[in-house]
Protein chains: 2
Amino acid sequence: MTRPAPIRVVLADDERMVRTALRAILSAEPDLEVVGEAATGAEAVSVVRDLRPDVVLMDVRMPEVDGIRATEQILATVDEPPRIVVVTTFENDSYVYDALRAGAAGFLLKRADADALVQAVRLVARSDSLLFPAAVRTLATEHARAHPAPPEWAAKLTGREREVLRHMAEGLTNAEIARRMEVGPATVKSHVAAVLAKTGTRDRTQAVIAAYEAAFLNAG
Amino acid sequence: MTRPAPIRVVLADDERMVRTALRAILSAEPDLEVVGEAATGAEAVSVVRDLRPDVVLMDVRMPEVDGIRATEQILATVDEPPRIVVVTTFENDSYVYDALRAGAAGFLLKRADADALVQAVRLVARSDSLLFPAAVRTLATEHARAHPAPPEWAAKLTGREREVLRHMAEGLTNAEIARRMEVGPATVKSHVAAVLAKTGTRDRTQAVIAAYEAAFLNAG
DNA sequence: ATCCGCCTCCGCCGGACGGGGGAGGACGGC
DNA sequence: GCCGTCCTCCCCCGTCCGGCGGAGGCGGAT
């Protein structure tokens, strides 16, 4: 059984002690190799560019350039970028969301024990398969709110009526909508009336509310 | 060095072949022990209740009760419930969101290789620390949309004006708001006018749109 | 060939809305 | 005590909105 190439790891954290501790933990594993360290976000970017590691453990709070920006920069400028694991202290830290958006492959809590740490590094190195924490759960519920089952009336609206509703939801008056759609104001009034009837609302404000609640603007 | 207790795993999948394959992979690891199997969601619930495993690998698609419901039921009815890893085929499967909401500790792709599988089980068993896939990234961007920085005008609104705006966003007319707030219609008009001025909008519809865009209704 | 849905318009009307004033009272800070 | 802010309410007026009824054309379905 030949020994495969070790997983090359870079540590980015402004506190030397943290880096030392992480290095000690990871170096104890034969399949992990800490190839570099960085104390700032900017340094992290250049170190990664030079050493091309497989995994980066990136602290969020760092001087000059924080971990989020560093992550963005690495993913944007390095080709075949490493998997970046953002390290944070609190699970509900808003940095978590930023990290996800920035393209982090995952994140770790600082209180994670040594075992979890090395397993996380291994997993993310060969990743594809993934896992989640409580913080993300709130995201899922938000997602549910943002994507409700499209209400019955959505299907009943004709093309023109949809257009008009979309324009209403932009805050346009009937006259403006008429100009925008290159039709007469009376035509717009007809469509508006149809929209109100089909949505079961009594005025344009309620119709716009219904559109927002149905996340109508996301579709089509 | 004493051997710690193995991680007890239950497999829930309606296809026998899949269960056999998973069992083969996991049993090869000395620290993992497959203690039970289930072919349906309902069976999974009772098996978990009896065997109290540390981790459950739960397929999403199963006869009778699907994996999501089974997950919900287990987490709701079993105390000290196991970590449940939902197994799915496609990363963008909408089941992923449902799984998160249901309280799954994570999810795995069926195409994950054996190594990733066992590492995921180990990680989730001692979890707390976690990682993410591309699917969740969309959640993060949604989160950003749902929680924009509160606009400047939000701070300028007086208490009454906030109230009025909230009622406007419910689709009430000035007269209705007046009744609701137990003040005169003229008072409501004043507040509405103030809201329009401060939000920089010209009519109630635009004000309501501004409120929605600012996620004004979430706050306060 | 006929019917039905959709799009396009018209006029009329009452009511709601928004703009422009102004005014009085309560409350708290300076 | 004075001033500023907020809440309360009043007037008038022009505009826009929504409800109602009607109408013509056009294209697809049957």
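Letters go in sequence order (proteins before strands), and every chain restarts at 1. Bear in mind the structure is a predicted one, so any value in this text is a computation, not a measurement.
- At least one side-chain heavy atom of E170(A) sits under 4.5 Å from a side-chain heavy atom of R180(A).
- Counting any heavy atom pair closer than 4.0 Å across all strands shown, A193(A) reaches no nucleic acid atom.
- The residue T187(B) sits close to a base: some heavy atom pair falls under 4.0 Å.
- For E161(B) and dT5(D), the CD to C1' distance is 11 Å, given to the nearest whole Å.
- One atom, CZ of R204(B), and another, P of dA16(C), lie 11 Å apart when rounded to the nearest Å.
- Residue pairs meeting the salt bridge (charged side-chain N to carboxylate O under 4.0 Å, His left out) criterion with at least one partner in residues 184-204 of chain B, sequence neighbours excluded, are E176(A)-R202(B), E161(B)-K198(B).
- If you take CZ of R202(B) and P of dG19(C), they are 10 Å apart, rounded to a whole angstrom.
- E182(A) places its CD atom 11 Å from the P atom of dC9(C), with the value rounded to the nearest Å.
- Ranked by how close their nearest DNA chain C nucleotide is to the 5' end, G159(A) and A186(A) are led by G159(A).
- In the set dG19(D), dC7(C), dC17(C), dC7(C) carries the atom at the smallest distance from any side-chain atom of R160(A).
- Put simply, CD1 on I177(A) is 15 Å from P on dC7(C), counting in whole angstrom units.
- Side chain K189(A) to base dG11(C): no donor-acceptor pair is found below 3.5 Å.
- Look at CG on D203(B): it is 11 Å from P on dC16(D), rounded to the nearest Å.
- Rounding to the nearest 0.5 Å places CG of L11(B) at 6.5 Å from CZ of R23(B).
- Closest to the side chain of T158(B), from the set dT8(D), dC7(D), dC17(D), is dC7(D).
- Counting only heavy atoms from C-beta outward, the side chains of D54(B) and P82(B) never approach each other to under 4.5 Å.
- At whole-Å resolution of the value, CG in L172(B) and C1' in dC17(C) are 15 Å apart.
- In this structure, the NZ atom of K156(A) is 12 Å from the P atom of dC6(C), given to the nearest Å.
- Using a 4.0 Å cut-off, no side-chain N or O of N174(B) falls inside it from OP1 or OP2 of dA16(C).
- Looking at S190(A), its side chain comes within 3.5 Å of the base of dC9(C) through a donor and an acceptor atom.
- Annotation: R162(B), atom CZ; neighbour count of heavy atoms from other residues, nucleotides and ligands within 6.0 Å is above 12.
- For the pair H191(B) and dT8(D), the criterion of a side-chain N or O lying under 4.0 Å from OP1 or OP2 is met.
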